[in-house]
Number of protein chains: 2
Amino acid sequence: MYFSIDHKSPLPLHVQAENLLRTIISDPQYANGKFLPNEVQLAKQLAISRSTLRHALNKLVYEGLLIRKKGVGTKVAEPTISSKSKNWLSFTQEMNARGITIKNFELHVTWVKPTEAVANFFGISTSKKILKLERLRGKTEGPFVYFISYFHPRVGLTGEEDFKRPLYDILEKDYMVIATLSKEEISAKAADKFIASKLEIESGSPILFRKRFVFDQGERPIEYNLGYYRADSFVYTVESRRE
Amino acid sequence: MYFSIDHKSPLPLHVQAENLLRTIISDPQYANGKFLPNEVQLAKQLAISRSTLRHALNKLVYEGLLIRKKGVGTKVAEPTISSKSKNWLSFTQEMNARGITIKNFELHVTWVKPTEAVANFFGISTSKKILKLERLRGKTEGPFVYFISYFHPRVGLTGEEDFKRPLYDILEKDYMVIATLSKEEISAKAADKFIASKLEIESGSPILFRKRFVFDQGERPIEYNLGYYRADSFVYTVESRRE
DNA sequence: ATTTTATATATGTACAAACATATAAACATA
DNA sequence: TATGTTTATATGTTTGTACATATATAAAAT
């Protein structure tokens, strides 16, 4: 199979190169920290200049998908499952970028009366039913996260949506709701029986628990999300800079 | 006042330009979304090429400090109320803000050969001894976190410092080392015997594990920190904003 | 008065070329 | 054996140049 870049495409060459590289490094052949061809060679192969290639590489390096080392080469980063708070990529997009295909093991949509905490967060009464979305997701080998989401009635979800599509895509394109602010609380806890059975681990095993509060542009609450992650397959990463 | 760039400095021009720009845009005169001079002009002023200047600008744009618009110009981003500054409080300050008085239960200073991971992060050999700081801290009722810190030799710590003072205070005031960037990995794990005994919990109990990589202004590694938190008394919070 | 068209301006894209510097491996030396 | 020294190789830095494209404004046409 041969890759090439279309010099006549309106899409900038460095973007094409970036996309191409994403495809290339997501290949299992490259997944395990294998080195790319050197820049001069790769530029020649793609028929672009080294500067343009570096433009593309820079982005992937910045995202943490590639690791460059002076005098050595550029290799594919180990595909750790992690979450960068800086990026507002959706869960699926983020995982895809790391060469992990997300499988949906379970997907339940129900209308329920909100708990005290949820009603309080949304500023609604506990008697009015709201949409609850439960999803068990993970890799082909098995699930590693159980999500529970509640949505504010204002959003207008019907429950008939195709939740296999990225959630933010649905909210933005179909409901014109743009998530802008997210507050998260991350903690560790022991898995109870229910979560343990879902994640296929033993009851009492440590799990990473993430509460996520999502707001729209007007800082109005739109989603209340609970995530239970298997401790052995999920790391949460945060990058912060002073000033 | 006039800025300039030293072409003889070993520090790359684009890094110098980046630092310079950081200073410039932090000036209140520039703080409120004011436009920078255009690239060609600014490059001339700084006596560097436009490409080099763009290299510097790119980084600041990526960090969200600058906003570029094709055909218009580059302006300083509005200062958002992010959690960045919040994340940069010291542990003690952070706890004080939550109304918790911190007690030091144990404090050990030793010189040790770094593990593979630490040596690799610092870019030093595993044979040279470095400073290791272990601290068991918590509330008056009992400890809830065990910290292990390693410091890069470059920092110049002697081990004789008064570690009851805030760490960042020591680094800044006594050693002129300013921590600027922090990358963290948060995960859950089961407490091993050692940690369990320190935190006064049962072995196998879930704990929150935080790896923290701290860099100075030149993005050089200065601290490698491991934190083991009792799950029942610690929650990690993150706030992130899109765009 | 309104719409269209030109134009100056600024960022965006792309290439070529040269030199600097870190790394690892091969080689030579004590 | 252990330690320097060279060398090939790969990324890092920097400049110069040219043209593309989006934007806002001013001028011209309707």
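Side chains are part of it too, since the values below use all heavy atoms of this structure and drop only hydrogens, waters and symmetry mates. Chain A is the first sequence line, chain B the second, and so forth, proteins listed ahead of strands; every chain is numbered from 1.
Remark: A/K59 NZ is loosely packed, at most 12 non-hydrogen atoms of other residues, nucleotides or ligands lying under 6.0 Å away.
The listed nucleotides are C/dT13, D/dT11, D/dT14; the one nearest the side chain of A/T74 is D/dT11. Of the listed nucleotides (C/dT11, C/dT13, D/dG12), D/dG12 has the atom at the smallest distance from the side chain of A/R50. Relative to the side chain of B/H14, the nucleotides D/dT13, D/dT23, D/dT15 differ in distance, and D/dT13 lies closest. The nucleotide whose nearest atom lies closest to any side-chain atom of B/R54 is, among C/dA14, C/dT11, D/dT11, C/dT11. Here the side chain of A/K69 is nearest to one of C/dT11, C/dT13, C/dT23, namely C/dT23. When each of D/dT21, C/dA14, D/dT13 is scored by its nearest atom to the side-chain atoms of B/K70, the top-ranked nucleotide is D/dT21. Each of D/dT13, C/dT11, C/dA16 was ranked by its minimum atom distance to the side chain of B/N38; first place goes to C/dT11.
In this structure, A/H55 atom NE2 and D/dA20 atom C1' are separated by 15 Å, rounded to whole Å. The interatomic distance linking B/I67 (CD1) with C/dG12 (P) rounds to 12 Å, in whole Å. In this structure, B/L11 atom CG and D/dT13 atom P are separated by 10 Å, rounded to whole Å. What separates CD of B/E18 from P of D/dG12 is a distance of 15 Å, to the nearest Å. One interatomic measurement links the two molecules: NZ of A/K44 to P of C/dC15, which rounds to 15 Å at whole-angstrom precision. We find that CD1 of A/I48 is positioned 19 Å from P of C/dG12, with the value rounded to whole Å. Atom-to-atom, NZ of B/K75 to P of C/dT9 comes out at 21 Å; the value is rounded to the nearest Å. Atom CG in A/L53 sits roughly 13 Å away from atom C1' in D/dA10 (whole-Å rounding).
The aromatic rings of A/F234 and A/F144 sit parallel, their planes meeting at an angle under 30°, below the 60° perpendicular limit.
Considering every non-hydrogen atom in both A/A56 and A/A17, the closest pair reads CB-CB, 3.8 Å.
Interatomic distance, A/Q16 CD to A/L20 CG, rounded to the nearest 0.5 Å: 8.5 Å.
B/Y146 and B/F194 have their aromatic ring centers within a separation under 6.0 angstrom.
Phosphate proximity of D/dT14 to B/T52: absent, as no side-chain N or O sits under 4.0 Å from OP1 or OP2.
B/S51 comes within 4.0 angstrom of a nucleotide base, judged by non-hydrogen atoms across all strands.
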